[in-house]
Protein chains: 2
Amino acid sequence: MTDGTKTTPIDRRSFEPPYAQLARSIRARIGRGEYRPGDRLPSEAELCSAFGVSPMTVRRAVAELVREDVVVTEHGRGTFVKAPQIATATFDLADLMRHLANPEIVAHILEARIVSAGRRAADKLAVKEGDHVISIKRLLLHGEEPVFYHSEYLVFDPTRPLVEAELATTALQDLFSGASGAGLKYGRLTLHASSFTEKEAAQLGEAPGTPAWVLEHLFFDFDDRPESWGRFVGRADRLSFTTTVGIAEPAGG
Amino acid sequence: MTDGTKTTPIDRRSFEPPYAQLARSIRARIGRGEYRPGDRLPSEAELCSAFGVSPMTVRRAVAELVREDVVVTEHGRGTFVKAPQIATATFDLADLMRHLANPEIVAHILEARIVSAGRRAADKLAVKEGDHVISIKRLLLHGEEPVFYHSEYLVFDPTRPLVEAELATTALQDLFSGASGAGLKYGRLTLHASSFTEKEAAQLGEAPGTPAWVLEHLFFDFDDRPESWGRFVGRADRLSFTTTVGIAEPAGG
DNA sequence: TAGTGGTCTAGACCACTTA
DNA sequence: AAGTGGTCTAGACCACTAG
């Protein structure tokens, strides 16, 4: 560094690769406040000579910090430390998964039959209202206690293999990890804050109007045709989504 | 490729760098179903010779697809196409930002004064119950219409510069982009599905019990001390979070 | 013009998997 | 042993920014 502050050297015998050590070292200096929001980091050339690594290695370390939203690079000017921002936070369904991946939770099929598509299902699945679709209702149980209600509609097409796979999916893990999705190209997920309908409340043994999460999913095949549409519904107060912006871990390294 | 299928060659005069062209090309092949979930991609060496680029360039392209959760690499085995997974979806606050970054929306300060910390605020801010803290209440208005209510508590410490910066923050943009956060190291954000309290409902002109989003935020300084704790509250039915898993865009390239 | 990040090359060595 | 991804080197040229 140009300021003469000691830098932790790279340990080439470590299991941790140099780019990761370097990223951790810079992250720690920011975390200790040695570089403050708005400050410019040493240039890549300086970092190269300070740590004795090649440019590509430095770039990889910096790229990692950029992904973490801890610094921002400006072409021709330098790399600058960012203040933690609410705006760029992301929440991931891992929180939901921790909740549901519990092996004690099982998916119980309440109903699986052919029905006439209602207006909304027909719209989502790009079929005509009244056309046959497959309806599957599941209850996700933790022991005796229902925790999520799942309602799903599948396009009724004997030439498509999705249905069998879906019906076989009683293990919740598969439902989420896409085991039945080998014929699917992409899906759109929407997270709503809502409250239980009468029907949902009855299934879950809750009061209608209780705050609820709704995770809606719509999957498409490789011809961009909708294949399935459904929603998970569960009590709001048992689940929240948490994330961190800025440098989460206490300063070290 | 080994199967003899035509590959789009790299255009070196394009504004789009080779690694991006290559990533797009592979993504398109997956999107067209030429590589299906579970299939192995050509090895990096094969991609190098097929596209006439160096190993690092191939790796960067593949790394991009890994980040997108479209493929997974397995050391010593190969790179494999993944089925779209619910489990790995992430939602980002950009949706909320689009909602709030509207220049017509302004933050109106309802109240800013020194109060005694209640139990919850004291706990979050690591002060004693009854200690002085600064309370700020804001109403986020779209024209005449209130859309979000914001309640925030700041540690009362004249040696800390945060307070002035926070009070000056009437522009909502700053509140989110961390303009007042130059002295902050990190923050924890939590997203709840909930419903309006009496007080919130009154402020927003809604009925108590209406479904609502709550975005809670807790920020720490460079000594890992809590600095501010607060929450945004808004109607649930005006906002949802959407994301995509798998290959979103129609096949091309 | 000098300094910065952005990209790429053409190899190298290693660790892991499979046969 | 052969093939795969994981990492790194030591440069190169370019585009952008600033004085």
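Everything numeric in this text was worked out from a predicted model, so none of it was measured. Lettering follows sequence order; numbering is per chain, from 1.
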To the nearest Å, give me how far apart [atom1] ([X]) and [atom2] ([N]) are.
X	N	atom1	atom2	answer
B:Leu41	D:dT4	CG	C1'	13 Å
A:Arg40	C:dG3	CZ	P	11 Å
A:Glu46	C:dA2	CD	C1'	13 Å
B:Glu16	C:dT7	CD	C1'	14 Å
A:Gln21	D:dT7	CD	P	13 Å
B:Leu47	D:dT4	CG	P	11 Å
B:Glu44	D:dA2	CD	P	20 Å
A:Ile26	C:dG5	CD1	P	11 Å

Salt bridge (charged side-chain N to carboxylate O under 4.0 Å, His left out) pairs touching residues 79-93 of chain B, sequence neighbours excluded, are B:Asp69-B:Lys82
Got a donor-acceptor contact below 3.5 angstrom from the B:Glu152 side chain to the B:Arg231 backbone?
-> no
Of the candidate nucleotides D:dT9, D:dT4, C:dC8, which contains the atom at the shortest distance from the side chain of B:Ser43?
-> D:dT4
Nearest to side-chain heavy atoms of B:Tyr19, which nucleotide of C:dG5, D:dC8, C:dC8 | C:dC8
Pairing residues for B:Arg238 by the side-chain hydrogen bond (donor to acceptor under 3.5 Å, both in side chains) criterion, not counting sequence neighbours = B:Glu145
Qualifying residues under salt bridge (Lys or Arg N to Asp or Glu O under 4.0 Å), relative to A:Arg77, sequence neighbours excluded = A:Glu74
Partners passing salt bridge (Lys or Arg N to Asp or Glu O under 4.0 Å) against B:Arg36 (at least two apart in sequence or in another chain) = none
Could you spell out the base pairing of DNA chain D in dot-bracket, with Watson-Crick or G-U pairs whose two distances are under 3.5 Å, [ ] crossing and | to another strand?
-> ||||||||||||||||||.
Would you give me the side-chain donor-acceptor pairs under 3.5 Å for residues 12-19 of chain A, sequence neighbours excluded?
unit_1, atom_1, unit_2, atom_2, d
A:Arg12, NH1, A:Gly52, O, 3.4
A:Ser14, OG, A:Glu16, N, 2.8
A:Glu16, OE1, A:Arg24, NE, 3.3
A:Glu16, OE1, A:Arg24, NH2, 2.7
A:Glu16, OE2, A:Arg24, NE, 3.0
A:Tyr19, OH, A:Arg60, NH2, 3.2

ring-ring contact (aromatic ring centres under 6.0 Å, His included) partners for A:Phe241, two or more places apart = A:Trp213
Do nucleotides 10-19 of chain D as a string where each nucleotide becomes B, S or -: B if the base has a protein heavy atom under 4.0 Å, S if just the sugar-phosphate does, - if no protein is that close.
-> B----BBSS-
Under 4.0 Å between a Lys/Arg side-chain N and an Asp/Glu carboxylate O for A:Glu68 and A:Arg27?
-> yes
Residue set satisfying side-chain contact (heavy atoms from CB on, under 4.5 Å) with B:Thr79, at least two apart, ordered chain then number -> B:Leu41, B:Val62, B:Val71, B:Thr73
Does A:Thr79 place a side-chain N or O at less than 4.0 Å from the phosphate oxygens OP1/OP2 of C:dT4?
-> no
Quick one: on DNA chain C, does B:Ala20 or A:Gly78 contact a more 5' nucleotide (nearest heavy atom)?
-> A:Gly78
